[in-house]
Undergrad: 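Questions regarding the structure given below will be posed in turn.
Ligands are counted one by one from 1 in listed order, and the atoms in each one are counted from 1 as well.
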Amino acid sequence: MFETLALADKEYLSLLDPDGNLERFPFQVPLLSDQEVLSAYQLMLLARQADEWAVSLSRQGRMATYPLNKGQEANAVGAVLALREDDWLVPAFRELGALMAKGIPLHQVYMYWYGNEQGSNLPPEVYHTLPIAIPVGSQPLHAVGIAYAEKLKASGRIVLTFMGEGATSQGAVHEAFNLAGVWSVGVVFYVQNNQWAISLPTEKQTASRTLAEKACAYGFESIRVDGNDLLAVYAAASVGARIAREKSRPVLIEGYTYRLGAHTTADDPKLYRDETQVAGWLDKDPLIRLEKYLLGRGLLTEKDREGLAAAALEDAKKAFERAESEADPSLEDTFRYTFASLPPVLERQLQRRKR
Ligand SMILES: Cc1ncc(C[n+]2csc(CCOP(=O)(O)OP(=O)(O)O)c2C)c(N)n1
C-alpha cells in the first residue's frame, strides 16, 4: 500500500462517489485543476467516440480488428496525466486515451489498427512512447529496460507501462517485476484489471485476492484504485510517479475496472459472459461519473456535453478518413519502428520477402 494514501478499510482508492461528488479524505490527495479535468474529460470522450466509430467502421468492412477501450478510459488518461512530458509510455493495446494524452494524433493510432505500419512510427524524441504491443505481457520488460537506462543516465525520467490482468500470468511480467525491484528503477506498472482476458474471468486467472498485492512479493509498493474514477486514478498515479522518480523505485497500480465492450471487434462476449454483469457496470461508466462531477461543479452544461460529444465524433470520423487515405506502407515499414537495429531473424525475413 502507498504509505501516503492510507485506505483504511476501503477496497480501493475512490474519490468520486456514484453521483460525481468528491469524497472527503483524511489525507492530502493530488488533484487536477478544473481546466485539467475538463481537458481530460474531452480526451476520454474522444477515446469513447473513436471506439464507437471503429466498431461501426469494422461492420462496414473498413477497419481491421480493433480492441475496444470503452469503460476503461479513465485509467489510460488519468495515469498519463501524472507523467512529466518527457517520461516514457510503454503501452499494451487497450490504452487509446493514454496514447492521445501523450500527444499522438488519433489518425496515427487508427493507422495502426487499419494495418498501416506507419501507425507505429512514433519518433521517440517527440513522444517518448513505444509502439503498441500485441504480444501479451512482452512490454513490461521493455519498460524496465528503459527505466534502467534512464537511471544510468540520471535523467530523472520515469516509465509508465500498461498491461491487462491476464498479462500478469505471463512469465515475462514476473521477470519484469523482479528485475525492477532488484535494480530499483523508476517504473509504474499499471495493471488494468478489466476482469476479462478475452473469455477468461479474473478468478480463473489468479488465486491472488487482488492484483495489487502481487507487488509485495517483489518488494515494492502498490495500490488498488477505482479505475472508473479519473480523479482517483490521477491521484494514485501521481503518488506512484513521485515514488518512482524521487526514490527510484517501481510501483504497481491496479486499476479496478471493467471492459464494457467486446475484447475486439472480432469477439462476441455474449457467448461467455452474463449481460446482467455488464448492465451493473454500465451504471459505473467513468464518463458518466465525470460528467456528473463537471455538471455539479458548473464546469459543464447539458448543452456543452452534447456539443462536445458531437464534435468528438466528427474528429474521430476525420481522423479515420485521414488514416484511410494515407499511402500504403512499404515492405520495410513492416520491420521498422520497433527495434533500433533489426535482430538477425527479422533481417533474414526482410531479405527473404524482398527476394
Ligand atoms: C503472447 C500472447 N498470447 C496470446 C495472445 C492472444 N491474446 C490477445 S489479448 C489476450 C488477452 C489479454 O488479456 P489481458 O492481459 O487481461 O488484457 P485485455 O485484453 O483484457 O485488455 C490474448 C490471450 C497474444 N496477443 N499474445
Undergrad: Are any of the N/O atoms on Gln170, whether in the backbone or the side chain, positioned under 3.5 angstrom from an N/O atom of ligand 1?
TA: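 No, no N or O pair falls under 3.5 Å.
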Undergrad: How far is atom 5 (C) of ligand 1 from the closest protein heavy atom, and which atom is that?
TA: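 The closest heavy atom on the protein side is Val136 CG2, 4.0 Å.
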Undergrad: Considering only protein heavy atoms, which is closest to atom 17 (O) of ligand 1, and at what distance to one decimal place?
TA: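 Its nearest protein heavy-atom neighbour is Gly164 CA, 3.6 Å.
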Undergrad: In the complex you have, is atom 24 (C) of ligand 1 within reach of the protein, judged by whether a heavy-atom distance drops under 4.0 Å?
TA: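 Under the 4.0 Å cut-off, atom 24 (C) of ligand 1 does have protein heavy-atom neighbours.
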Undergrad: Taking only heavy atoms of Pro135 into account, list the atoms of ligand 1 that are under 4.0 Å away from them.
TA: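 Counting atoms of ligand 1 from 1, those under 4.0 Å from Pro135 are 26 (N).
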Undergrad: Going by atom types only, do Ser208 and Lys214 share a side-chain donor-acceptor pair under 3.5 Å?
TA: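 Side chains of Ser208 and Lys214: pair found under 3.5 Å.
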Undergrad: Is the closest side-chain donor-acceptor distance between Asn228 and Thr257 under 3.5 Å?
TA: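 Side-chain D/A pair, Asn228 to Thr257: present.
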Undergrad: For Trp196, take its heavy atoms, then give the atoms of ligand 1 lying under 4.0 Å from any of them.
TA: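 Near Trp196, the atoms of ligand 1 are 16 (O), 20 (O).
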Undergrad: Students should be able to answer this: which protein heavy-atom is nearest to atom 21 (O) of ligand 1, and at what distance?
TA: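 Going atom by atom, the protein heavy atom closest to atom 21 (O) of ligand 1 ends up being Arg94 NE, 2.7 Å.
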Undergrad: Within the protein, is there a heavy atom lying under 4.0 Å from atom 2 (C) of ligand 1?
TA: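 So atom 2 (C) of ligand 1 has protein heavy-atom neighbours under 4.0 Å.
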Undergrad: Quick one: sort the Tyr258 and Trp281 rings into parallel, tilted or perpendicular, breaks at 30° and 60°.
TA: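 Parallel.
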Undergrad: Can you confirm, on distance only, whether ligand 1 has an N/O atom lying under 3.5 Å from any N/O atom belonging to Gly166?
TA: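 Yes, since at least one N or O of Gly166 sits under 3.5 Å from an N or O of ligand 1.
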Undergrad: Considering heavy atoms of the protein only, find what lies nearest to atom 22 (C) of ligand 1 and give residue, atom and distance to 0.1 Å.
TA: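 It is Ile198 CD1, 3.7 Å.
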Undergrad: Are any of the N/O atoms in Ala167 less than 3.5 Å from those in ligand 1?
TA: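 Such a contact does occur with ligand 1.
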Undergrad: Is it true that Leu300 and Leu31 fall in one hydrophobic cluster, defined by side-chain heavy atoms closer than 4.5 Å?
TA: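 The answer is yes; both residues are in one hydrophobic cluster.
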Undergrad: Gln205 and Glu165: side-chain donor and acceptor closer than 3.5 Å?
TA: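 No, no side-chain donor-acceptor contact under 3.5 Å.
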Undergrad: Which residue and non-hydrogen atom of the protein lie closest to atom 9 (S) of ligand 1, and at what distance in Å?
TA: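 Sorting protein heavy atoms by distance from atom 9 (S) of ligand 1 puts His263 CE1, 3.3 Å first.
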Undergrad: Any idea which atoms of ligand 1 are less than 4.0 Å away from a heavy-atom of Asn194?
TA: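 Contacts of ligand 1 toward Asn194, numbered from 1: 18 (P), 20 (O), 21 (O).
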Undergrad: Relative to each other, are the rings of Tyr272 and Trp196 parallel, tilted or perpendicular (30° and 60° limits)?
TA: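 Geometry flag for Trp196 against Tyr272: tilted rings.
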Undergrad: Where does Phe93 meet ligand 1, judged by heavy-atom distances below 4.0 Å: at the side chain, the backbone, both, or neither?
TA: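 The side chain, only.
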Undergrad: Quick check on the hydrophobic clustering: are Leu299 and Val77 connected, directly or via other members, by side-chain heavy-atom contacts under 4.5 Å?
TA: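 Leu299 and Val77: one cluster.
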Undergrad: For ligand 1, which atoms, with element, lie under 4.0 Å from some heavy atom of Glu165?
TA: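 Numbered from 1, ligand 1 contributes 16 (O).
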Undergrad: Can a cation-pi geometry be assigned to Arg224 and Tyr256, taking NZ or CZ under 6.0 Å from the six-membered ring centre and within 45° of the ring axis?
TA: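 Yes, a cation-pi geometry holds between Arg224 and Tyr256.
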Undergrad: Considering only protein heavy atoms, which is closest to atom 13 (O) of ligand 1, and at what distance to one decimal place?
TA: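 Closest protein heavy atom to atom 13 (O) of ligand 1: Ala197 CB, 3.2 Å.
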Undergrad: Distance only, no hydrogens: is a donor on one side chain within 3.5 Å (strictly under) of an acceptor on the other, for Asn116 and Glu326?
TA: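 Absent: no donor and acceptor within the cut-off.
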Undergrad: Checking salt bridge (charged side-chain N to carboxylate O under 4.0 Å, His left out) between Arg289 and each of Asp17, Asp283, Asp226, which is the one that passes?
TA: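 Answer to the salt bridge (charged side-chain N to carboxylate O under 4.0 Å, His left out) test with Arg289 among Asp17, Asp283, Asp226: Asp226.
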